[in-house]
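Following: one structure in structure tokens, then a few remarks.
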Amino acid sequence: MTAVIDAPLERVRALHTDIDAWADWNTDVDQARLDGPLLPANSFHWKTHGMDITSTIREVVRGRRLVWGGPAQGITAIHVWTFTPTTDGVIVHTEESWTGDPVTADQATLQTALDNSLHNWVNNLKHQAESQVGK
């Protein structure tokens with residue numbers, strides 16, 4: 001999923017990396033809490049779509065890339081975000097992979113759920129960043 005967000009990179013980055021505030025703007029996240037600073041090997045706990053998830057940060061390139069992953073209900077996920085500043089704002093690209101027995105058992109349904117989740121997340125981020133004009 002890719003979108004151009006008409007906002008400064010720092011605003012987009014600040015929204016995206018303030019994990020504790022995700023539920024304030026991302027309608028798919030019920031709550032989230034980062035344990036410690038946003039650094040590789042640290043974890044965050046969050047609730048989405050009835051799942052309690054613990055994700056571990058794998059890579060942080062400030063303002064450019066964020067990667068996390070972890071298990072949830074038999075699914076192991078890796079989620080990659082990249083941010084590319086342009087003259088029109090920021091190109092935000094995200095992709096996520098899921099593996100595990102539930103995925104193997106019902107790949108089509110879970111792929112649709114994953115695609116919808118990524119679409120919603122990027123659109124929520126876009127809406128929030130663009131609504132903060134001048135902030």
Side-chain angles (χ1 to χ4, degrees):
M1 174 68 195
T2 302
V4 176
I5 298 179
D6 184 14
L9 175 62
E10 187 55 33
R11 182 184 313 152
V12 174
R13 185 206 65 79
L15 283 168
H16 190 262
T17 59
D18 185 2
I19 293 170
D20 292 358
W22 281 354
D24 295 343
W25 56 267
N26 187 339
T27 56
D28 286 348
V29 175
D30 299 316
Q31 66 184 59
R33 185 187 80 252
L34 176 62
D35 298 332
L38 187 71
L39 294 171
N42 285 347
S43 296
F44 58 94
H45 306 276
W46 54 305
K47 292 184 180 186
T48 182
H49 300 289
M51 294 185 293
D52 290 321
I53 301 171
T54 298
S55 294
T56 301
I57 299 165
R58 296 176 180 240
E59 182 181 358
V60 178
V61 179
R62 183 177 165 86
R64 301 287 187 212
R65 184 173 163 90
L66 181 61
V67 180
W68 69 74
Q73 296 183 339
I75 297 171
T76 300
I78 300 293
H79 200 153
V80 178
W81 289 83
T82 57
F83 305 89
T84 307
T86 72
T87 57
D88 297 323
V90 180
I91 297 171
V92 175
H93 178 78
T94 187
E95 54 190 67
E96 186 171 2
S97 64
W98 286 355
T99 58
D101 291 341
V103 177
T104 302
D106 194 0
Q107 188 171 3
T109 299
L110 289 177
Q111 185 64 56
T112 298
L114 176 56
D115 292 344
N116 288 336
S117 173
L118 296 177
H119 176 80
N120 290 342
W121 197 319
V122 170
N123 282 336
N124 286 329
L125 179 61
K126 177 179 175 65
H127 174 75
Q128 185 67 18
E130 290 178 352
S131 70
Q132 293 183 348
V133 174
K135 293 185 181 179

Would you tabulate the side-chain donor-acceptor contacts of residues 71-79 under 3.5 Å, counting partners in other chains and residues two or more places apart, or write 'none'?
| residue | atom | partner | partner atom | Å |
| --- | --- | --- | --- | --- |
| H79 | ND1 | E96 | OE1 | 3.2 |
| H79 | NE2 | W81 | NE1 | 3.0 |
| H79 | NE2 | T94 | OG1 | 2.7 |

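Under 3.5 Å, the side chains of H45 and D52 contain no donor-acceptor pair of N or O atoms. Side-chain contact of N124 with Q128: a donor-acceptor pair under 3.5 Å is absent, judged by distance alone.
Here the side chains of N42 and D35 are not in contact, with every heavy-atom distance at 4.5 Å or above. Counting heavy atoms from C-beta on, the side chains of W121 and M1 never come closer than 4.5 Å. At least one side-chain heavy atom of Q132 sits under 4.5 Å from a side-chain heavy atom of L15. The closest side-chain heavy-atom distance from V4 to D6 is not below 4.5 Å.
Follow the hydrophobic side-chain contacts under 4.5 Å out from L118 and you reach W98 in the same cluster. Note: the hydrophobic cluster containing V80 does not contain V29 (ILVMFWY, side chain heavy atoms under 4.5 Å, direct or indirect links). No single ILVMFWY cluster, assembled from side-chain heavy atoms under 4.5 Å apart, contains both V67 and F44.
For the atom pair R13 CZ and D18 CG, the distance stands at 9.5 Å (nearest 0.5 Å). Separating the CG atom in N26 from the CG atom in N120 is a distance of 8.0 Å, to the nearest 0.5 Å. The distance from atom CD1 of I91 to atom CZ of F83, rounded to the nearest 0.5 Å, is 12.5 Å. Distance check: T17 OG1 to L38 CG gives 6.0 Å after rounding to the nearest 0.5 Å. Separating the NZ atom in K126 from the CD1 atom in I5 is a distance of 6.5 Å, to the nearest 0.5 Å.
Within the structure, the side-chain hydrogen bond (donor to acceptor under 3.5 Å, both in side chains) test picks out the following pairs touching residues 63-72 (sequence neighbours left out): E59-R65.
Here the closest heavy-atom approach between residue T48 and residue D28 is recorded as OG1-O, 2.6 Å. The nearest pair of heavy atoms linking R11 to A129 is NH1-O, 2.8 Å. Here the closest non-hydrogen pair linking P85 and L9 is CG-CD2, 4.1 Å. Closest heavy-atom contact between S43 and T54: CB-CG2, 4.1 Å.
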Subject >> Step-by-step salt bridge (charged side-chain N to carboxylate O under 4.0 Å, His left out) determination, E10 to R62 >> reply: CA-CA 10 Å; E10 187 55 33; R62 183 177 165 86; 3.7 Å; yes
Original post:
Which is it for W46 and I19 under the side chain to side chain contact (heavy atoms under 4.5 Å, CB included) test, yes or no, and what are the steps along the way?
Top reply: CA-CA 9 Å; W46 54 305; I19 293 170; 5.9 Å; no
**OP:** Go through V60 and L39 one step at a time and tell me if the side chain to side chain contact (heavy atoms under 4.5 Å, CB included) criterion holds.
**Re:** CA-CA 6 Å; V60 178; L39 294 171; 5.7 Å; no
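N123 meets the side-chain hydrogen bond (donor to acceptor under 3.5 Å, both in side chains) test with H119; sequence neighbours excluded.
At distances below 3.5 Å, not a single donor-acceptor pair connects side-chain atoms of S117 with backbone N or O atoms of A113.
Around the NE2 atom of H127, the shell of radius 6.0 Å holds no more than 12 heavy atoms that belong to other residues, nucleotides or ligands.
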